[in-house]
*Asks:* 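Sharing a structure here in structure tokens format.
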2 protein chains.
Amino acid sequence: MRHQPPDPEAEAAPRPRRRKTPITVEQVVDTALGVIATEGYEALTMRRLAGALDTGPASLYAHVVNKADLDELLIGRLCAELVLPEPDPAAWREQIRGVCTQIRDQYLKYPGISRAALAMAPTDLETVRVTEGMLAILLAGGVAPQAAAWAIDALLLYVAAYCLEVSIARRRSAHDDATWVLDRDELLRRFTALPAATFPHTTRHAAELTAGEGHDRFDFTLGLMIDGVAHR
Amino acid sequence: MRHQPPDPEAEAAPRPRRRKTPITVEQVVDTALGVIATEGYEALTMRRLAGALDTGPASLYAHVVNKADLDELLIGRLCAELVLPEPDPAAWREQIRGVCTQIRDQYLKYPGISRAALAMAPTDLETVRVTEGMLAILLAGGVAPQAAAWAIDALLLYVAAYCLEVSIARRRSAHDDATWVLDRDELLRRFTALPAATFPHTTRHAAELTAGEGHDRFDFTLGLMIDGVAHR
DNA sequence: GCTTGACACGAACAGCGTTCGCTTATAGAA
DNA sequence: TTCTATAAGCGAACGCTGTTCGTGTCAAGC
């Protein structure tokens, strides 16, 4: 069947066949980040993104080879926003902690995007800029090159995983999923309700297992790793 | 349109309408793990799993409420396989390391399944069994309850993220994706080829950044965290 | 004025998780 | 032994996903 004639009288022009200002990659990335910021990474589909740009999904593939490629561009943009301090040997711990906190806040600003970061190649230019900055801080602090390199890898991996977990938890609590353990109180209740005979430590230390306001757990783990690499 | 008559003469019976032995949840979980082990977690679709059980996708929903539910069952099964040692105060470091290594090997045996672990609630019964076992080891080792609780969280998160990264890397190198950085040599080449002016540390320590046979990076990070919690 | 080339995009494809409602084998009643 | 109620199995469909093909349309060069 042939597609129906345009019938210009009856309908308002559905859309100019050629838009005034062509779509750019920057526009695509910006719009994608906007969608993620308001609706989360899972809502970022090619159709949703195309709709936000007032076009069809096929148009995106002129600027982006893949969705994986789009993911790389998004992470690259995020990394570009990070400010890497000039290394100060006396304050290397606070500096490396600051960079990790920046990454954490960027990830959490765009919920779920850390999933893309975990699946990405470490070869992107903006990514190596971050690695370079962190490496400079650790080396200035007197950390051995090998330990510094591996510690950066571990830190980046942990931050991404932490943010993914937090994002998932927030999304589920926002969705008001009744079967999901929403708050700490509910989790605490479940732990204390366990049979004390088979789970003695879990029931006794349920408070500690569920403790942690805000990013206490994050700060603790960063301290663990940074102290560990300092004593090496 | 009515569905066509069975026509029992011309065709072999397409499938017994009621199978001799009903499908059980254990069967579903076992088959799913088999699919993951041979084809990876991404290949585990409801249709693929149903096909492996010689049925249609709808039949699975009699035994599993969701794909998320299936994921929980899979992780539960994995956790059930772990052997948790009797706590020995003198060897708590080796013991906690051993548990993490077990988890790592289980995850890597079923490539990509750690993705399901990252998205899961920590309320599953088998999961709390693991937490209980790890908590017992750390408390026996003299670690403070709060530090122990948070350290377990950090360790589990890191192990899952590490395995996810490794699984993705292996899958891409197996797919022979040409655009993917396959081996360390190629990565090393890219790092050294960077402009030394803007990336001085990365180019100089490219060897360290790309170093690590097998699970060296994993062992390093575990040492970081365990030493950190010991000195606390 | 005409041609050329690049970009935009509607429509379609294969595959995904999930649901509806029909079919059918068996257990228990008569 | 025959009949019926029940529950499990499952074919077909829905709405969604990423991706591709061929067509449509405008802007610039001659």
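Throughout, protein chains are lettered first and strands after them, A, B, ... in sequence-line order, and every chain is numbered starting at 1. Values reported hereafter were calculated over all heavy atoms of this structure, with side chains retained and with hydrogens, waters and symmetry mates removed. Because the structure is predicted, anything quoted here is derived from the model rather than measured.
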*Asks:* Can you list every salt bridge (Lys or Arg N to Asp or Glu O under 4.0 Å) pair that touches residues 96-110 of chain A, not counting sequence neighbours?
*Replies:* none
*Asks:* Sequence neighbours excluded and cut-off under 3.5 Å, please list the side-chain donor-acceptor pairs for residues 155-168 of chain A, or say none.
*Replies:*
residue  : atom : partner  : partner atom : Å
A:Tyr158 : OH   : A:Thr221 : OG1          : 3.1
A:Tyr162 : OH   : A:His215 : ND1          : 2.6
A:Glu165 : OE1  : A:Arg217 : NH2          : 2.9
A:Ser167 : OG   : A:Gly112 : N            : 3.3
A:Ser167 : OG   : A:Cys163 : O            : 2.8

*Asks:* For B:Phe220, give me all partners under ring-ring contact (aromatic ring centres under 6.0 Å, His included), at least two apart in sequence or on another chain.
*Replies:*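 With neighbours one apart ignored, the set is A:Trp150.
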*Asks:* Tell me whether the side-chain N/O atoms of A:Thr55 come closer than 4.0 Å to OP1 or OP2 in C:dC9.
*Replies:*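 Yes, because at least one side-chain N or O of A:Thr55 sits under 4.0 Å from OP1 or OP2 of C:dC9.
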*Asks:* Holding to side chain to side chain contact (heavy atoms under 4.5 Å, CB included), I want the full list of residues that pass it with B:Ala196, two or more places apart in sequence or in another chain.
*Replies:* B:Thr203
*Asks:* Mind checking what makes side chain to side chain contact (heavy atoms under 4.5 Å, CB included) contact with A:Gln102, not counting sequence neighbours?
*Replies:*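 If we apply the side chain to side chain contact (heavy atoms under 4.5 Å, CB included) test to A:Gln102, skipping adjacent residues, the hits are A:Leu82, A:Val83.
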*Asks:* Which residues, if any, of residues 37-47 of chain A bring a heavy atom under 4.0 Å of DNA chain D?
*Replies:* A:Leu44, A:Thr45, A:Met46, A:Arg47
*Asks:* Contacts to DNA chain C from residues 59-70 of chain A, heavy-atom cutoff under 4.0 Å, which residues?
*Replies:*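 Hits under 4.0 Å, by residue number: A:Ser59, A:Ala62, A:His63.
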*Asks:* Could you list the residues that satisfy side chain to side chain contact (heavy atoms under 4.5 Å, CB included) with A:Arg189, not counting sequence neighbours?
*Replies:* A:Asp185, A:Glu186
*Asks:* If the condition is side chain to side chain contact (heavy atoms under 4.5 Å, CB included), which residues does B:Asp30 pass it with, not counting sequence neighbours?
*Replies:*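 Side chain to side chain contact (heavy atoms under 4.5 Å, CB included) check on B:Asp30 returns B:Arg77.
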*Asks:* Quick one: which of C:dT18, D:dC10, D:dC21 gets closest to the side chain of A:Ala58?
*Replies:* D:dC21
*Asks:* Between the side chains of A:Glu132 and A:Arg129, is the shortest nitrogen-to-carboxylate-oxygen separation below 4.0 Å, so that they form an ion pair?
*Replies:*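 Judged by the 4.0 Å cut-off on N to carboxylate O distance, A:Arg129 and A:Glu132 do not form a salt bridge.
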*Asks:* Find the bend of the helix from C:dG1-D:dC30 to C:dA30-D:dT1 as the angle between its two terminal axes (five pairs each), to the nearest 10°.
*Replies:*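 The angle separating the two end axes equals 20°.
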*Asks:* Kindly write out the residues that satisfy salt bridge (charged side-chain N to carboxylate O under 4.0 Å, His left out) with B:Glu39, not counting sequence neighbours, or none if the list is empty.
*Replies:* B:Arg48
*Asks:* Hey, could you give me each pair passing salt bridge (Lys or Arg N to Asp or Glu O under 4.0 Å) that has a residue in residues 55-64 of chain A? Not counting sequence neighbours.
*Replies:*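 Not a single pair qualifies under salt bridge (Lys or Arg N to Asp or Glu O under 4.0 Å).
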